[in-house]
Amino acid sequence: MDRLLEVNQLTKRYAQGNVLARIVITAVDNISFDIKPAEIFTLAGESGCGKTTTARMVLGFEEATSGTILHNGKPHTRKEKVWITEGVQAIFQDPFSTFNPLRTVDSYFHETVQNYRLARRKEEAIALIDQKLRLVGLTYQEFAGKYPNEFSGGQLQRISIARALVTDPRLIIADEPVSMVDASLRMSIVNLFKKLRDELGVSILYITHDLATAYYVSDRIAIMFRGNIVEMGPVEQVLMNPRHPYSRLLRDSIPQADPRLRWRDTVTLAELEQEEYLRKGCKFAGRCPKVMEICKRDVPADIVIDDVLVKCHLYNESGGGS
Ligand code: SF4
């Protein structure tokens, strides 16, 4: 199986407003991508681009309006949390909300071991949990009996990752896993993802608005804008030589003095969000420095140039762009 996850023509529409003024927003608009074994694939874009909605559909937390999601070639379309299985695990943005403050963190690990019948005796369970904790730089001894508030955000996110590893997943879906972690610790978390890919062959769907960590950790990247994938390909090509005007805007907005920081918030224009989602033709036309008449009228096709998919009229026919 050369594709662990296949997302085909996935679409999610929401109705907004009341009966008199009802509008339909296409939050995810006919997107397709796949993830190979031992690959880190990133969905990147500013807040409101559709990346988290995509992750939620992949996890079965939300039902798609149309399209298919296949894991190991098998479809999953039910509106259930069917994806949290031994094969697929998830890591979320806020490690403090992952754990109940009144429960010790080790109890979650023992529960998972029990639910999946991974050990017969307590000593076996402890050995298994310790092995997973060591992969993230912790030990059973230093975490047993402790409550979530006894750990830092970075430690707790490492613990979330160790917990996801208990069932030996092939795919981890990580939704903004470093955005609530101190800037100084972000790289240690994304380094863990590289280690899991290289040493355990785990694939990761990394959802982020942080292009700097995306560049550092990803094999391939898809840039999303208002529900569309506007550019997708090997991370080096997409971020070092962006073709789509929106990808260029994002790349140029990364602060140069400290590339570990997020991009500037100036690209987050919330008031434009609804207008852009409803726009005919190219959704970026209102902000694009290269806009042409055709952009306001026709939705651009997906064009592949040197392994990179670009959704932009600049690349029609000539395949050139500028
Ligand atoms: Fe800009 Fe037109 Fe390309 Fe959209 S299709 S990104 S408006 S040039």
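Ligands are counted one by one from 1 in listed order, and the atoms in each one are counted from 1 as well. Because only heavy atoms are used, hydrogens play no part in the values below, and waters and symmetry mates are left out as well, while side chains stay in. Position 1 is the first residue of the sequence; numbering continues from there.
Between Thr139 and Arg134 there is a side-chain heavy-atom pair separated by less than 4.5 Å. Residues Val178 and Gln157 have side chains not in contact (no heavy-atom distance under 4.5 Å, counting atoms from C-beta outward).
In this structure, Tyr206 has its ring center no closer than 6.0 Å to that of Phe41. Between Phe109 and Phe143, the distance separating the two ring centers is shorter than 6.0 angstrom.
Residue Cys295 approaches ligand 1 through these ligand atoms, each under 4.0 Å from one of its heavy atoms: 2 (Fe), 5 (S), 7 (S), 8 (S). Less than 4.0 angstrom separates some heavy atom of Cys288 from each of these atoms of ligand 1: 1 (Fe), 6 (S), 7 (S), 8 (S).
Using a distance-only test at 3.5 Å, with no hydrogens or angles considered, a donor-acceptor pair links the side chain of Arg158 to the main chain of Val136.
Scanning the protein for heavy atoms near atom 5 (S) of ligand 1, the closest one is His313 N, 3.3 Å. Remark: minimum distance from atom 3 (Fe) of ligand 1 to any protein heavy atom is reached at Cys312 SG, 2.3 Å.
Contacts with ligand 1 closer than 4.0 Å are made by side-chain heavy atoms of His244 only, the backbone lying farther away.
The distance from atom 4 (Fe) of ligand 1 to the nearest N/O/S atom of Cys282 is under 2.8 Å.
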